[in-house]
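These notes are about the structure you will find just below.
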There are 2 protein chains.
Amino acid sequence: MASTIKDVSAIAGVSMKTVSRVLNKERYVSEKTRLRVERAVAELNFRPSVAARILAGKRSYQIALIYDNHSPHYIHQIQTGVWARCIEEGVRLLAQPSDAASPILAREIGGLIDQTQVDGVILSSPVTDAPGALEELEKRGIPYVRISPGTDYDRSSSVSMDDVQAADDMTSHLIALGHRRIGFVVGHANHTASDQRLFGYRRALDKAGLAFEPKYVRPGAFDFSSGEAAGDVLLDLAQPPTAIFASNDDMAAGVLTVAHRRGMSVPRDLSVVGFDDTALASQLWPPLTTVRQPTRDLAYAAAGLLFDAADEVVHRRLPHELVLRASTAGPRKS
Amino acid sequence: MASTIKDVSAIAGVSMKTVSRVLNKERYVSEKTRLRVERAVAELNFRPSVAARILAGKRSYQIALIYDNHSPHYIHQIQTGVWARCIEEGVRLLAQPSDAASPILAREIGGLIDQTQVDGVILSSPVTDAPGALEELEKRGIPYVRISPGTDYDRSSSVSMDDVQAADDMTSHLIALGHRRIGFVVGHANHTASDQRLFGYRRALDKAGLAFEPKYVRPGAFDFSSGEAAGDVLLDLAQPPTAIFASNDDMAAGVLTVAHRRGMSVPRDLSVVGFDDTALASQLWPPLTTVRQPTRDLAYAAAGLLFDAADEVVHRRLPHELVLRASTAGPRKS
DNA sequence: TATCAATATGACAGCGCTATCATATGGCGT
DNA sequence: ACGCCATATGATAGCGCTGTCATATTGATA
């Protein structure tokens with residue numbers, strides 16, 4: 001059924017090696033032969049066998065994307081971005097869910113590499129910060145790029161956004177609206193972004209000369225129900241916050257639900273903001289003011305770094321954006 | 001770095017072929033040798049090269065999942081389900097986004113197969129109903145299983161839920177609550193499930209002796225904004241519906257937003273229901289009454305069919321479930 | 001014209017496995 | 001004792017490519 005290089009070389013009237021040269025865009029092929037070969041390839045609708053290429057050559061034309069994230073939206077955007085860049089490069093993508101906290105993560109990654117011989121790996125947060133994983137990749141000399149790493153910044157190329165500045169911007173925006181008691185729901189403890197967003201929140205308070213009140217900060221885990229729990233605690237305070245900043249949209253949705261359940265009107269009685277600008281943010285009522293995290297673009301850029309600058313360590317930082325919607329307003333005069 | 005069968009055979013003191021036999025669980029290997037080989041494999045942490053296996057053998061230990069769906073939640077569940085089954089089988093999964101309406105879909109699938117030699121393919125709706133794709137797979141003799149196919153039911157094995165019955169159940173539930181004017185938002189025209197859900201709605205009306213009113217049915221596209229548009233039209237009617245059934249949760253979210261925007265209270269002034277029970281459904285306010293579609297289980301079962309019953313055509317139908325939440329109530333007395 | 005590097009092409013081995021076929025061993029019936 | 005089949009193992013070829021090295025064929029330079 002499927003044709004081989006041999007078939008192509010027969011039709012084009014050249015050696016197999018020359019066909020191989022054309023396929024790999026190597027130098028030293030004359031224009032004339034290249035055209036002949038390309039015509040033969042098109043005629044047979046020939047596709048080289050990835051397996052044979054891996055076995056014979058050094059490249060596999062495959063990269064792996066390793067992720068462990070419980071937000072389907074986030075994963076989807078990451079996949080889409082990396083995918084788009086891979087298509088351009090003619091490289092296949094192996095998507096690999098995993099568990100960043102698993103003790104066998106390194107072994108799994110090792111197995112993946114042994115089995116598939118991927119040319120490179122893209123790590124998305126929080127796998128970016130699993131020491132075992134990084135060691136395994138380095139031991140094998142596999143190039144890798146990290147998306148939003150939290151630790152060992154200079155250990156590999158990476159793409160990221162400025163979480164600290166984004167949280168600072170959002171907090172400053174709330175302060176500018178007149179809020180003085182601002183609640184904060186922290187993200188999952190595994191993710192370094194959680195710390196950074198918390199730090200940005202504190203920095204903004206500090207710049208504005210507002211005191212940091214630990215009671216206004218609640219832990220969360222990036223999921224809806226932890227947002228609900230945190231919202232309940234914050235709104236039960238004697239002096240409840242007039243605005244709540246959740247470290248992602250899912251948790252903000254939880255806060256919103258708690259407010260509705262208590263018969264509060266958002267944003268009249270309470271302003272709520274999120275982080276990420278997932279699809280969820282605009283599908284809630286009221287639509288959520290949030291930080292647009294350029295997830296898809298980060299993923300696209302990460303794949304680009306992997307292909308372009310295999311050797312040197314490069315960091316690319318992409319801009320974020322405040323998305324102002326209807327969930328925020330000034331505090332009620334009281 | 002990575003070890004080979006040769007290394008294993010040297011340690012175990014047997015031939016390469018015997019090691020291969022153990023790896024492939026072939027017959028005619030004595031217990032004793034099998035243990036020796038397994039110990040050597042463990043010692044070297046040996047993983048056979050997928051590439052070499054593909055090249056030499058008939059199997060590739062890889063399957064592909066082809067999808068084209070704009071709901072990240074749905075994709076995520078499909079991926080997770082198929083993935084889980086693949087892990088059990090020790091098979092690698094290639095996830096392949098695609099465009100069901102693209103004229104080059106068949107060529108893309110052909111290319112994928114030529115390049116990667118996948119052992120089988122899982123098609124998720126609506127790629128399930130792309131004639132070119134099915135022909136390509138059959139031409140190449142690649143086994144495939146479809147998830148929720150809409151056409152050519154007996155053409156391949158498949159897993160599905162009963163969309164007609166589910167929509168009937170939900171509509172009957174609304175009627176039982178006392179609703180007589182029930183709006184319906186149809187799904188994307190590409191998906192056969194859209195027709196089936198509409199038919200279930202009509203069948204329930206019919207059984208209850210209620211007339212089918214075309215003006216209460218609006219087209220949609222499975223996304224939030226088409227839900228908003230449909231909701232606006234329905235609520236602008238002189239005799240607006242007292243309940244709206246959207247063919248998926250995203251569109252129900254759109255209807256909910258329109259209702260909020262008009263200052264209506266859900267479910268007091270309007271009941272709203274969705275379909276799928278994605279995470280979104282429980283994160284909205286009020287939480288959405290919906291049909292739980294067992295997406296993850298469908299995907300898991302689909303992979304199972306691919307591995308188990310490669311030859312015969314088997315259909316597996318999984319049960320759905322009405323999830324009653326706070327977005328429904330009886331109509332207001334008027 | 002001779003010389004050399006840059007360009008262009010091909011012959012052939014071998015990547016790490018599995019398929020095929022050959023061979024060896026043991027137990028059972030006659 | 002002999003054949004015969006089920007069981008158990010190995011030797012060898014080759015899957016479809018690419019790497020290496022050898023071999024033209026140019027054009028520029030001395």
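All chains are named by letter (A, B, ...) in the order of the sequence lines, taking the proteins before the strands, and each is independently numbered beginning at 1.
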The test is side-chain contact (heavy atoms from CB on, under 4.5 Å); show your working for B:Thr4 and B:Lys6 and say whether it passes. CA-CA 5 Å; B:Thr4 72; B:Lys6 211 167 177 180; 3.3 Å; yes
Checking B:His191 against B:His188 for the ring pair (Phe, Tyr, Trp, His ring centres under 6.0 Å) test, could you report, in this order, the C-alpha distance in whole Å, the side-chain angles of both residues, the deciding distance, and whether it holds? CA-CA 6 Å; B:His191 291 60; B:His188 194 289; 5.7 Å; yes
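Residue B:Phe46 is in sugar-phosphate contact alone, with no base atom involved, counting any heavy-atom pair closer than 4.0 Å across all strands shown. Among the heavy atoms of the strands, none lies under 4.0 Å from B:Lys6.
Proximity note for A:Thr4 (side chain, C-beta onward) versus C:dT18, D:dC17, D:dG19: the nearest is D:dC17. Set against C:dC15, C:dA19, D:dC15, the side chain of B:Ala56 has D:dC15 as its closest nucleotide.
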Distance-only donor-acceptor pairs under 3.5 Å for side chains of residues 98-108 of chain B, two or more places apart:
| from | atom 1 | to | atom 2 | distance (Å) |
| --- | --- | --- | --- | --- |
| B:Ser98 | OG | B:Tyr67 | O | 3.3 |
| B:Asp99 | OD1 | B:Ala101 | N | 2.9 |
| B:Ser102 | OG | B:Ile104 | N | 3.0 |
| B:Arg107 | NH2 | A:Asn45 | OD1 | 3.4 |

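The neighbour count for B:Arg316 CZ, taken as heavy atoms of other residues, nucleotides or ligands under 6.0 Å away, does not exceed 12.
For the pair A:Arg92 and A:Tyr61, the cation-pi test (distance below 6.0 Å, angle within 45°) is failed.
For the OP1/OP2 pair of D:dT18 and a distance below 4.0 Å, the side-chain nitrogens and oxygens of A:Arg53 include at least one atom meeting the criterion. Proximity of A:Ser20 to the phosphate of D:dT18: a side-chain N or O atom is located under 4.0 Å from OP1 or OP2.
Formation of a donor-acceptor pair under 3.5 Å by the B:Ser157 side chain with backbone atoms of B:Glu312 is found in this model. Remark: the backbone N or O of B:Gln117 is paired with a side-chain donor or acceptor of B:Ser60 at under 3.5 angstrom.
One atom, CG of B:Asn24, and another, C1' of C:dG16, lie 13 Å apart when rounded to the nearest Å. Put simply, CD1 on A:Ile54 is 19 Å from P on D:dC15, counting in whole angstrom units. Per the geometry, CG belonging to A:Leu55 stands 11 Å off P belonging to D:dT18, to the nearest Å. Computed from coordinates, the B:Lys58 NZ to C:dC17 C1' distance equals 13 Å when rounded to whole Å. Between A:Gln115 atom CD and C:dG16 atom C1' the separation is 13 Å, expressed in whole Å. Counting to the nearest Å, the P atom of C:dG16 and the CG atom of B:Leu23 are 15 Å from each other. The separation between B:Gln117 atom CD and D:dG16 atom C1' is 10 Å, rounded to whole Å.
A donor-acceptor contact closer than 3.5 angstrom links the side chains of A:Ser156 and A:Arg146.
Axis angle between the ends of the helix from C:dT1-D:dA30 to C:dT30-D:dA1, five pairs each and rounded to 10 degrees, works out to 50°.
Using a cut-off of 4.0 Å between Lys/Arg side-chain N and Asp/Glu carboxylate O, A:Asp297 and A:Arg85 are scored as not salt-bridged.
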Protein and nucleotides 8-12 of chain C: nitrogen or oxygen contacts under 3.5 angstrom:
| from | atom 1 | to | atom 2 | distance (Å) |
| --- | --- | --- | --- | --- |
| C:dT9 | OP1 | A:Ser30 | OG | 3.2 |
| C:dT9 | OP1 | A:Thr33 | OG1 | 3.1 |
| C:dT9 | OP2 | A:Ser30 | N | 2.9 |
| C:dT9 | OP2 | A:Thr33 | OG1 | 3.0 |
| C:dT9 | O4 | A:Arg21 | NH2 | 3.2 |
| C:dG10 | OP1 | A:Ser15 | N | 3.4 |
| C:dG10 | OP2 | A:Ser15 | N | 2.8 |
| C:dG10 | OP2 | A:Ser15 | OG | 2.8 |
| C:dG10 | OP2 | A:Thr18 | OG1 | 2.5 |
| C:dG10 | N7 | A:Arg21 | NH1 | 3.4 |
| C:dG10 | O6 | A:Arg21 | NH2 | 2.8 |

